[in-house]
Amino acid sequence: MFIGALTLDILLGDVRSLKQKRSVVRPIVAEIQRKYPAVAVAEAGHLDLHRRAEIGVAVVSASAANCDEVLDACERLVAYHPEIELLSVRRRLFNDHEE
């Protein structure tokens, strides 16, 4: 069993309030959930900053290759949004043999 985790740090465009931030971030999170129902996704950081957001994605799979494939697809989906800038991506892969 493999667990893949992806953390996406994003900079939002012309956003001046937390309400506007939510109107940008929520549709992105919902799109990931809709296209990849087997992943867990949530806004996970920078909750009090109006121009930054952190989105966390997690997937469980029988193979490392499948984890990477799904996380790559999620990263591409977020990166293609023109209203945001992807600042950094952190990826971790865990397996049941690690301690």
Applying the side-chain contact (heavy atoms from CB on, under 4.5 Å) criterion to I10, which one of V24, V78, V89 satisfies it?
V78
In Å, rounded to the nearest 0.5 Å, how long is the span from CD of E69 to SG of C74?
11.0 Å
Which pair of non-hydrogen atoms, one from G4 and one from C67, has the smallest distance, and what is that distance?
N-SG, 3.8 Å
Taken to the nearest 0.5 Å, the spacing of L8 CG from I84 CD1 works out to 8.0 Å
Please report the shortest heavy-atom distance between F94 and A5, naming the atom on each side.
CE1-CB, 4.4 Å
Is there a path of hydrophobic side-chain contacts, each under 4.5 Å between heavy atoms of I/L/V/M/F/W/Y residues, joining L6 to L11?
no
Worked check of side-chain contact (heavy atoms from CB on, under 4.5 Å) between L86 and E75:
CA-CA 9 Å; L86 191 56; E75 181 181 342; 4.3 Å; yes
Which heavy atom in R90 sits nearest to a heavy atom in S88, and how many Å separate them?
NH1-OG, 4.2 Å
Only one of E43, E54, H46 passes side-chain contact (heavy atoms from CB on, under 4.5 Å) with V25, and that residue is E43
Just so I know, are the side chains of V29 and Q33 near enough to count as touching, which here means a heavy-atom distance under 4.5 Å?
yes
Where is the tightest heavy-atom contact between Q20 and R16, given as atom of each residue plus distance?
OE1-N, 2.5 Å
Sequence-distant partners of L18, side-chain contact (heavy atoms from CB on, under 4.5 Å), two or more places apart:
K21, H50
L93 and V70: same hydrophobic cluster, using ILVMFWY side-chain contacts below 4.5 Å?
no
Min side-chain heavy-atom separation R52-L87 under 4.5 Å:
yes
ILVMFWY cluster, L71 and I3 together (side-chain gap under 4.5 Å)
no
Can you confirm whether D72 sits close enough to R91 that some side-chain heavy atom of one is under 4.5 Å from a side-chain heavy atom of the other?
yes
What closest approach, in Å, do N66 and S61 show between heavy atoms, and which atom pair accounts for it?
ND2-OG, 2.8 Å
Quick one, L77 and Y36 - any side-chain contact, counting heavy atoms below 4.5 Å?
yes
